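Let me begin by presenting the structure, written as structure tokens, before commenting on it.
Given the structure is predicted, the values throughout are model-derived calculations rather than measurements. Numbered from 1 within each chain, the chains take letters A, B, ... in sequence-line order.
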2 protein chains.
Amino acid sequence: MSPSALPYRPHNHEACVAQALADARTICQQHSARLTPTRERVLELIWQSHKPLGAYDVLAVLAEDGHNAAPPTVYRALDFLQQHGLVHRIASLNAFIGCTHAGEAHNGMFLICRACHNVLELTAPGVSSAVSRAAAAESFQPDDVTIEVAGYCPRCVSEPAHDG
Amino acid sequence: MSPSALPYRPHNHEACVAQALADARTICQQHSARLTPTRERVLELIWQSHKPLGAYDVLAVLAEDGHNAAPPTVYRALDFLQQHGLVHRIASLNAFIGCTHAGEAHNGMFLICRACHNVLELTAPGVSSAVSRAAAAESFQPDDVTIEVAGYCPRCVSEPAHDG
DNA sequence: CGAAATTTGCAACATTATAACATTAGCAAA
DNA sequence: TTTGCTAATGTTATAATGTTGCAAATTTCG
Ligand SMILES: [Zn+2]
Ligand SMILES: [Zn+2]
Ligand SMILES: [Zn+2]
Ligand SMILES: [Zn+2]
């Protein structure tokens, strides 16, 4: 494994974005869903960093684009992207982040840095199975699992803060 | 263990409330914190059922009480109660629920029924340790862990819905 | 008591999200 | 090509949730 996951180290982030957009096109085609210009632009904005973006942040950038959009436009695009597994909503932040496992069946777990605000999405099989067992012990049938861990990323535990 | 956890079966719920309030008094005393009438009333309202209650729901009941409260009153009371481990906020619902492990060190995991809206708080050591391991594998230092599982409770998997 | 700290009241405001309805774009059958 | 259908978008307004700032009241403690 890498010494440090993507969000925490310098990398060619344009490649992240390009890959995400390419994956999105493929997935939407497979789903017979239309990745319209607005939807694609919103996805691109969400991917502009590894930090989650609020719906109104997206809205503001669209406004800079000259796209005179209202809140429903953004929320609809985000709903669409969520539906097709391209973005996740982080409940504890009321914000959205690009899915790094689009297309794969996965149960995301999010590591949210309180200092630099980067978010790392993990697939943690051990966690998923532990949750399933705990739910099963109560005869509870899980449908959707939210796991969000706030704390400090490897870079920020040592140094004060990184906005990278 | 019981065949079915408390929220899912008929029980003397007044006893739940009374116990919660008694525990709260003890805990606040230990913390040298003041469980003022407003705070106690809010805690009682949160405990009125095993379903989470929104801040504005609390506000509405206070209004019925004749207590002319504004949002900050409720949010401050809720903040206080959270601070002392007496209630939890459910991020995926923007709502609050009484803590069933007040006073004990614990990492809550919440089973949220989509049909009857009851919430069961569990202490799941297996889950906590799996989360810790997953975070450690990324050199991430966890601070606060949110685990919320939406799905169907034992009663609602079979029958259409229970409001109990 | 009287100063300091905590708690509350209150008004305004900020942020996040949805409802309702009109309009337009994409696509296929007549 | 025209018609008719569905999905997508535009538009306006509003709902729901949460915060800031300051003044007044209450409690604590010397
Ligand atoms: Zn990147
Ligand atoms: Zn960080
Ligand atoms: Zn009960
Ligand atoms: Zn249920």
Whole-Å gap separating C1' (C:dT7) and NE2 (B:His84): 12 Å
task: Work out how much the helix from C:dC1-D:dG30 to C:dA30-D:dT1 bends between its end axes, five pairs an end, to the nearest 10 degrees.
output: 20°
query: Donor-acceptor pair, B:Glu148 side chain versus B:Ala91 backbone, under 3.5 Å?
result: yes
- prompt: Rounding to a whole Å, what distance do you find between B:Phe80:CZ and C:dT7:P?
  reply: 7 Å
message: Please check this pair: side chain of A:His13 against backbone of A:Trp47, looking for a donor-acceptor N/O pair closer than 3.5 Å.
response: yes
task: Provide, to the nearest angstrom, the distance between the CZ atom belonging to A:Arg39 and the P atom belonging to D:dA7.
output: 11 Å
- request: Report the distance from atom CG of A:Leu78 to atom C1' of C:dT15, rounded to the nearest whole Å.
  value: 15 Å
task: Could you check A:Thr146, A:Asp143, A:Val131 and say which one makes a side chain to side chain contact (heavy atoms under 4.5 Å, CB included) with B:Val149?
output: A:Val131
message: Can you see if the side chain of A:Thr38 gets near the phosphate of D:dA8 - specifically, an N or O under 4.0 Å from OP1 or OP2?
response: no
query: Is atom CG of A:Asn68 surrounded by more than 12 heavy atoms (other residues, nucleotides or ligands) closer than 6.0 Å?
result: no
task: Examine the side chains of A:His106 and A:Glu121 and answer whether a donor and an acceptor come within less than 3.5 Å of each other.
output: yes
- prompt: When you check the phosphate oxygens OP1 and OP2 of C:dT8, does a side-chain N or O of B:Thr73 lie under 4.0 Å from one of them?
  reply: no
task: Check the distance between D:dT11's P and A:Leu62's CG and give it to me in whole angstrom.
output: 14 Å
query: Which letters describe nucleotides 12-29 of chain D, given B = protein heavy atom under 4.0 Å from base, S = only from sugar-phosphate, - = neither?
result: B----BBBBB-----S--
- line: Taken in chain and number order and not counting sequence neighbours, the residues that satisfy salt bridge (Lys or Arg N to Asp or Glu O under 4.0 Å) with B:Arg39 are none
query: According to the interplanar angle, ranging from 0 to 90°, do the rings of B:Phe80 and B:His84 count as parallel (below 30°), tilted (30 to 60°) or perpendicular (above 60°)?
result: tilted
- prompt: A:Gln83 CD to D:dA7 P: how many Å, rounded?
  reply: 13 Å
task: Go through the side-chain N and O atoms of A:Gln19 and A:Asp23 and say whether any donor and acceptor fall under 3.5 Å apart.
output: yes
field: Heavy atoms from other residues, nucleotides or ligands near CD of B:Gln82 exceed 12 (cutoff 6.0 Å)
entry: yes
query: Rounding to a whole Å, what distance do you find between A:Leu59:CG and D:dG10:C1'?
result: 13 Å
